[in-house]
Amino acid sequence: MKVLTVNFLTCAVKTCKTSPEAFPLHFRDAELAQQDLEFNPEFIKNMLLRLDWNAFRVTTSELGFSTIPAEKPEGDALNDETLLRDLHKVLLETQVMEGKLVCGHCAHEYAIKEGIANFLLPNHLV
Amino acid sequence: MSRPEDSLPPDLFYNDLESRKYTTSSRIRNIQASMTNRALELLDLKHPSFILDVGCGSGLSGEILSGVPPEEGGPHEWVGMDISASMLDVALQRDVEGDLFLADIGQGVPFRPGSFDAAISISAIQWLCNAESSDVSPEGRLTRFFGGLYASLRRGGRAVCQFYPKNDAQRMMISAAAVRAGFGAGILEDDPGTKSAKLYLVLTVGGGELESQGGDITGVVKGLNGVDIVDARRKAENARRKEERKGSKAWIMKKKDQLEKKGKIVKPSSKYTGRRRGPKF
Ligand SMILES: C[S@@+](CC[C@H](N)C(=O)[O-])C[C@H]1O[C@@H](n2cnc3c(N)ncnc32)[C@H](O)[C@@H]1O
Ligand SMILES: [Zn+2]
């Protein structure tokens with residue numbers, strides 16, 4: 001699972017839909033892999049607007065990245081290629097291959113295997 | 001011909017063997033690719049976008065999204081949801097670029113509001129009509145799916161779902177569920193009446209460019225070749241009779257004129273005057 005995706009993912013349990021503690025989901029025992037992808041600055045700019053920066057900082061600190069700026073870049077900063085490349089690396093090229101995502105509200109654990117998260121739930125929870 | 005949907009649940013039907021057979025068949029690959037390209041054409045994306053592929057399977061649809069060149073507004077990034085672990089396993093072996101989830105779309109779409117620019121679904125959502133058990137119904141699952149999909153798309157976003165309804169009742173059940181979720185919706189049919197007829201449910205989330213094109217599905221496909229819009233054909237047939245029919249634009253304009261002359265306040269006329277709002281199937 002890519003770091004980008006986690007920034008949009010919510011807990012699938014019905015009672016968590018409106019709970020602020022349910023987002024972002026938290027990584028546990030994450031094993032990372034790095035994959036080189038072609039740089040797509042337009043995509044990063046498109047996504048920055050809707051990226052939840054606080055959640056991004058939570059996620060990246062859980063994964064051990066320490067150099068994420070405190071504030072979301074905007075304005076002229078969006079033309080800074082080094083910054084866009086760094087974001088591209090973290091958001092799209094970094095993947096969690098094994099581990100769990102845990103909900104801060106209901107404590108449900110979503111297993112991640114070979115990069116694929118299992119979001120199947122018993123019907124009574126959705 | 002028997003439908004796979006009537007034989008087994010999707011996660012059991014698409015087992016290891018069937019998933020491999022499905023993905024390696026050059027006939028299927030060609031059909032899925034051409035339908036995905038058609039869906040992309042209908043989405044009309046201008047920039048590299050974040051797309052949800054609903055029932056992504058082994059990635060035959062998604063890989064087309066990754067392959068859109070910059071001249072054509074790509075490449076796009078996609079997230080895929082599928083209920084079949086075997087299909088996803090084939091996707092892994094094929095090294096597709098999308099981010100994959102083992103998930104049941106009938107349980108909802110677990111992404112925060114406004115996440116995606118667009119969504120596609122190729123040959124998947126008819127499966128939602130086959131779910132009968134003590135605790136779930138097709139209607140309930142369709143409602144959860146379309147409700148979740150609607151919320152997960154940004155305003156102005158679109159979804160295109162190619163699907164194979166078993167009959168008219170299924171077609172209606174699916175499109176009605178989409179409308180209930182809040183989507184502007186229309187159905188487009190390619191090669192109608194032939195063996196290779198294809199249905200596309202085109203869905204819009206309020207406030208996008210669609211509105212400026214007249215707010216209905218016919219606007220989306222205007223100017224595209226080989227399009228046969230169920231909606232528009234009916235319109236053309238009725239066009240002659242429409243002129244002075246009660247409720248028609250001409251009729252409303254006349255009434256407005258009469259009322260205004262009597263000194264009544266009438267709403268200014270626009271290009272929307274006399275148009276039917278909402279979807280027609
Ligand atoms: C005909 S395949 C299409 C796969 C891919 N979109 C393509 O074009 O090749 C249909 C897919 O829908 C998936 N599917 C069916 N019901 C589903 C559900 N409730 N949730 C998620 N995926 C589902 C199946 O597992 C299968 O992979
Ligand atoms: Zn939860």
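Here is the naming used below: chain letters follow the sequence lines, and residue numbers restart at 1 for every chain. Because the structure is predicted, anything quoted here is derived from the model rather than measured.
- Heavy atoms from other residues, nucleotides or ligands lying under 6.0 Å from CD of A/Glu71 number 12 at most.
- Interface residue B/Leu92: only side-chain heavy atoms are found under 4.5 Å from chain A.
- For the pair B/Asp135 and A/His124, the minimum side-chain heavy-atom distance is 4.5 Å or more.
- A salt bridge between B/Asp117 and A/Arg50 is present, with a side-chain N of the basic residue lying under 4.0 Å from a carboxylate O of the acidic one.
- Counting heavy atoms of neighbouring residues, nucleotides and ligands inside a 6.0 Å radius, atom CD of A/Gln34 exceeds 12 of them.
- With a 4.5 Å cut-off on side-chain heavy atoms, B/His47 and A/Phe43 do not count as touching.
- The contact between A/Met1 and chain B is made by backbone and side chain atoms together, counting heavy-atom distances below 4.5 Å.
- With respect to chain A, the highest number of heavy-atom pairs below 4.5 Å among B/Gly106, B/Gly148, B/Ser115 belongs to B/Ser115.
- Ring geometry for B/Phe50 versus A/Phe8: interplanar angle of 30 to 60°, hence tilted.
- A 6.0 Å sphere centred on NZ of A/Lys17 holds more than 12 heavy atoms belonging to other residues, nucleotides or ligands.
- The interface of residues 75-87 of chain B with chain A, defined by heavy-atom distances below 4.5 Å, comprises B/Pro75, B/Glu77, B/Val79, B/Ile83.
- At least one donor-acceptor pair under 3.5 Å links the side chain of B/Asp99 to the backbone N or O of A/Lys2.
- Closest of all the heavy-atom pairs between B/Phe111 and A/Leu9 is CE2-CD1, 3.5 Å.
- For A/His88, the ring pair (Phe, Tyr, Trp, His ring centres under 6.0 Å) criterion is met by A/Phe39, not counting sequence neighbours.
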Do A/Asn118 and B/Phe101 pass the side chain to side chain contact (heavy atoms under 4.5 Å, CB included) test, and can you show the C-alpha distance, the side-chain angles, and the key distance before you say yes or no?
CA-CA 6 Å; A/Asn118 182 346; B/Phe101 285 83; over 6 Å; no
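- To the nearest 0.5 Å, atoms CG (A/Asn123) and CZ (B/Arg144) are separated by 7.0 Å.
- In this structure, A/Arg28 places its CZ atom where only 12 or fewer heavy-atom neighbours from other residues, nucleotides or ligands lie under 6.0 Å away.
- Between A/Glu114 and B/Leu88, the closest side-chain pair of non-hydrogen atoms is not below 4.5 Å.
- In this structure, chain B has no heavy atom under 4.5 Å from any part of A/Pro24.
- Nearest heavy-atom pair across B/Arg112 and A/Phe23 is NE-CZ, 3.4 Å.
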Checking B/Leu102 against A/Lys113 for the side chain to side chain contact (heavy atoms under 4.5 Å, CB included) test, could you report, in this order, the C-alpha distance in whole Å, the side-chain angles of both residues, the deciding distance, and whether it holds?
CA-CA 10 Å; B/Leu102 180 61; A/Lys113 296 207 171 80; over 6 Å; no
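- Using a 4.5 Å cut-off between heavy atoms, A/Tyr110 does not touch chain B at all.
- Neither the backbone nor the side chain of A/Leu125 comes within contact range of chain B, judged by heavy atoms closer than 4.5 Å.
- Looking at A/Glu38, neither its backbone nor its side chain comes within 4.5 Å of chain B, counting heavy atoms on both sides.
- With a 4.5 angstrom heavy-atom cutoff, B/Asp104 touches chain A via backbone and side-chain atoms both.
- Per-residue heavy-atom pair counts under 4.5 Å with chain B were compared for A/Ile44, A/Val13, A/Leu37, A/Leu92, and the maximum is reached by A/Leu92.
- For A/Asn46, the part lying under 4.5 angstrom from a heavy atom of chain B is the side chain only.
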